[in-house]
**Student:** 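One structure, pasted below without further comment.
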Number of protein chains: 2
Amino acid sequence: MEEKFKLENQLCFRLYTASRLLTQAYHPLLGEHGLTYPQYLVLLVLWEKDAQPVNDIAKRLLLETNTVTPLLKRMEAEGIVTRSKGKEDARQMIVKLTKKGRDLQQKLTDVPETVGNAVLCESVTPETFPGLFVMLDDIIDQLKQ
Amino acid sequence: MEEKFKLENQLCFRLYTASRLLTQAYHPLLGEHGLTYPQYLVLLVLWEKDAQPVNDIAKRLLLETNTVTPLLKRMEAEGIVTRSKGKEDARQMIVKLTKKGRDLQQKLTDVPETVGNAVLCESVTPETFPGLFVMLDDIIDQLKQ
DNA sequence: TTAGTTTATATCGTTCACGATGCAAATATA
DNA sequence: TATATTTGCATCGTGAACGATATAAACTAA
């Protein structure tokens, strides 16, 4: 009974599981360089544009600052980023890449392709990727309200 | 530069974000009954089949027992499940629903539809759901290795 | 200018996730 | 039957997530 409660009919469980397993696929590649997956996401944001306040990084990742702040402090302790008070707005903490943080981009150059290949299969191919991206983006937009 | 490192090109970030946001959509509905989303997943498993050892629940959710054990202890403390040593195999802990745990199914009867409606949009409809499910299932199967 | 409000970040507490490790019960092997 | 291995679960430590709350700087309005 209760078809609607079956695990097989749950979108959220699939997203939750796919997310966890794919994050696990990153783990050995990132762990080698002392990084976690959320820290890698911060690097993606800073590689695109260096020197951003905490709030901009959090917004870009759709996370709260109370998640990002401790994460950034760990990255600062690892010497990957620096955090300094904003000049024009003293409330802001500006996060900048160190040389170590910048150099990680070269060291992680194979990561996107390696992980990308790990998910390729019958229904998930370079051709079907865009359609999947659109659906996930729409779900995200819908839930951001 | 470095198209491959752009956040917009990352499948994992989309899965991670969609999973988090959809879990957040469950939060008010479940919180009303003192439940978290992972606890709700355990209930889905036990509503399908009551009285399962910890290992079977963990396998069904593709989680480790060291994640599930503390979670079950919290649910036991809430009076939602009981945990008792297995009769035939004393290593096993058999998890059973209490009346409170069974009764929650009625109280949460609207949850699947409410959350389901929350994700409906242009590209995600009852018609496109099956295709999305297949892709996510394939990704999950691929990564389970 | 002062008082009230908003904004940016930080702190705290709770609950996952998960790698590493420990331990006892069950099973396999010598 | 004694010993070794495997299995099932638990414990510990670390790093997210996130709600609630705090604090200081910036802004707004009286």
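Just so it is clear, the values below take in all heavy atoms, side chains as well, and ignore hydrogens, waters and symmetry mates. Letters A, B, ... are given to chains in the order of the sequence lines, protein chains preceding strands, and every chain is numbered from 1.
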**Student:** Does a salt bridge link A:D103 with A:K100, judged by any charged N lying under 4.0 Å from a carboxylate O?
**Tutor:**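 Judged by the 4.0 Å cut-off on N to carboxylate O distance, A:D103 and A:K100 do not form a salt bridge.
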**Student:** At a heavy-atom distance below 4.0 Å, what parts of residues 38-54 of chain A sit against DNA chain D?
**Tutor:**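 Contacts with DNA chain D under 4.0 Å: A:P38, A:Q39.
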**Student:** For B:M93 and C:dA24, what is the distance between atoms CE and P respectively, to the nearest whole Å?
**Tutor:**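 Atom CE in B:M93 sits about 15 Å away from atom P in C:dA24.
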**Student:** Checking side chain to side chain donor-acceptor pair (under 3.5 Å) against B:D89, which of B:R91, B:K87, B:Q92 comes through?
**Tutor:**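 In the set B:R91, B:K87, B:Q92, the residue that makes a side chain to side chain donor-acceptor pair (under 3.5 Å) with B:D89 is B:R91.
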**Student:** CD of A:E88 versus P of D:dA26: gap in Å, rounded?
**Tutor:**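 Those two atoms, CD and P, are 10 Å apart.
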**Student:** Between B:K73 and B:E76, is the closest basic N to carboxylate O distance under 4.0 Å?
**Tutor:**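 A salt bridge is absent here (no side-chain N lies under 4.0 Å from a carboxylate O).
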**Student:** Would A:R20 count as a cation-pi partner of A:Y16, with NZ or CZ less than 6.0 Å from the six-membered ring centre and within 45° of the ring normal?
**Tutor:**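 Yes, A:R20 lies over the aromatic ring of A:Y16.
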**Student:** Look at the aromatic rings of A:Y26 and A:Y40 and report parallel, tilted or perpendicular, splitting at 30° and 60°.
**Tutor:**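 Tilted.
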**Student:** In this structure, how many angstroms lie between the C1' atom of D:dA17 and the OH atom of A:Y16, rounded?
**Tutor:**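 Rounded to the whole Å, the gap is 13 Å.
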**Student:** Does a nitrogen or oxygen in the side chain of A:Y37 sit under 4.0 Å from OP1 or OP2 of C:dA17?
**Tutor:**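 No, no such contact exists.
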**Student:** Return no unless some side-chain N or O of A:Q24 is found under 4.0 Å from OP1 or OP2 of C:dC18.
**Tutor:**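 Yes, because at least one side-chain N or O of A:Q24 sits under 4.0 Å from OP1 or OP2 of C:dC18.
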**Student:** Between residues 57-84 of chain B and DNA chain D, which residues have a heavy-atom gap below 4.0 Å?
**Tutor:**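 Of all residues in residues 57-84 of chain B, the ones placing a heavy atom under 4.0 Å from DNA chain D are B:T65, B:N66, B:T69, B:K73, B:R83.
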**Student:** Would you kindly confirm whether A:I94 and A:V45 end up in one hydrophobic cluster when ILVMFWY residues are joined by side chain heavy atoms under 4.5 Å apart?
**Tutor:**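 No, A:I94 does not connect to A:V45 through the hydrophobic network.
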**Student:** Less than 4.0 angstrom from a charged side-chain N to a carboxylate O is my criterion; do A:R60 and B:E8 meet it?
**Tutor:**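 Judged by the 4.0 Å cut-off on N to carboxylate O distance, A:R60 and B:E8 do form a salt bridge.
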**Student:** Between A:R20 and C:dC16, does any side-chain N or O lie under 4.0 Å from OP1 or OP2?
**Tutor:**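 Answer is no, no contact under 4.0 Å.
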**Student:** Just how far, in rounded Å, is P of D:dG8 from CD1 of B:I94?
**Tutor:**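 In whole Å, D:dG8 P and B:I94 CD1 are 11 Å from each other.
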**Student:** Please give, in whole Å, the distance from C:dA26 P to B:N55 CG?
**Tutor:**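 Roughly 15 Å, once rounded to whole Å.
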**Student:** Any heavy-atom pair between the side chains of A:E113 and A:N117 that's under 4.5 Å?
**Tutor:**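 SC-SC contact between A:N117 and A:E113 confirmed.
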**Student:** Find the distance B:L143:CG to C:dA17:P and express it as a whole number of Å.
**Tutor:**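 Taking CG of B:L143 and P of C:dA17, I get 17 Å after rounding.
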**Student:** Look at the side chain of A:R91 against the base of C:dT7 and say whether a donor-acceptor pair falls under 3.5 Å; ignore hydrogens and angles.
**Tutor:**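 Answer yes: a donor N or O sits under 3.5 Å from an acceptor.
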**Student:** Taking NE2 from B:H27 and C1' from D:dG19, how many angstroms apart are they, rounded to a whole number?
**Tutor:**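 In whole Å, D:dG19 C1' lies 7 Å from B:H27 NE2.
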**Student:** Could you tell me whether A:D56 and A:K59 make a salt bridge, using a distance below 4.0 angstrom between a side-chain N and a carboxylate O?
**Tutor:**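 Salt bridge absent between A:D56 and A:K59.
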**Student:** Given C:dA26, D:dA24, D:dA16, identify the nucleotide with an atom nearest to the side chain of A:T36.
**Tutor:**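 When the side chain of A:T36 is considered, D:dA16 is the closest of C:dA26, D:dA24, D:dA16.
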**Student:** Would you mind reading off the distance between A:L21 atom CG and C:dC18 atom P, rounded to a whole angstrom?
**Tutor:**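 The answer, rounded to whole Å, is 8 Å.
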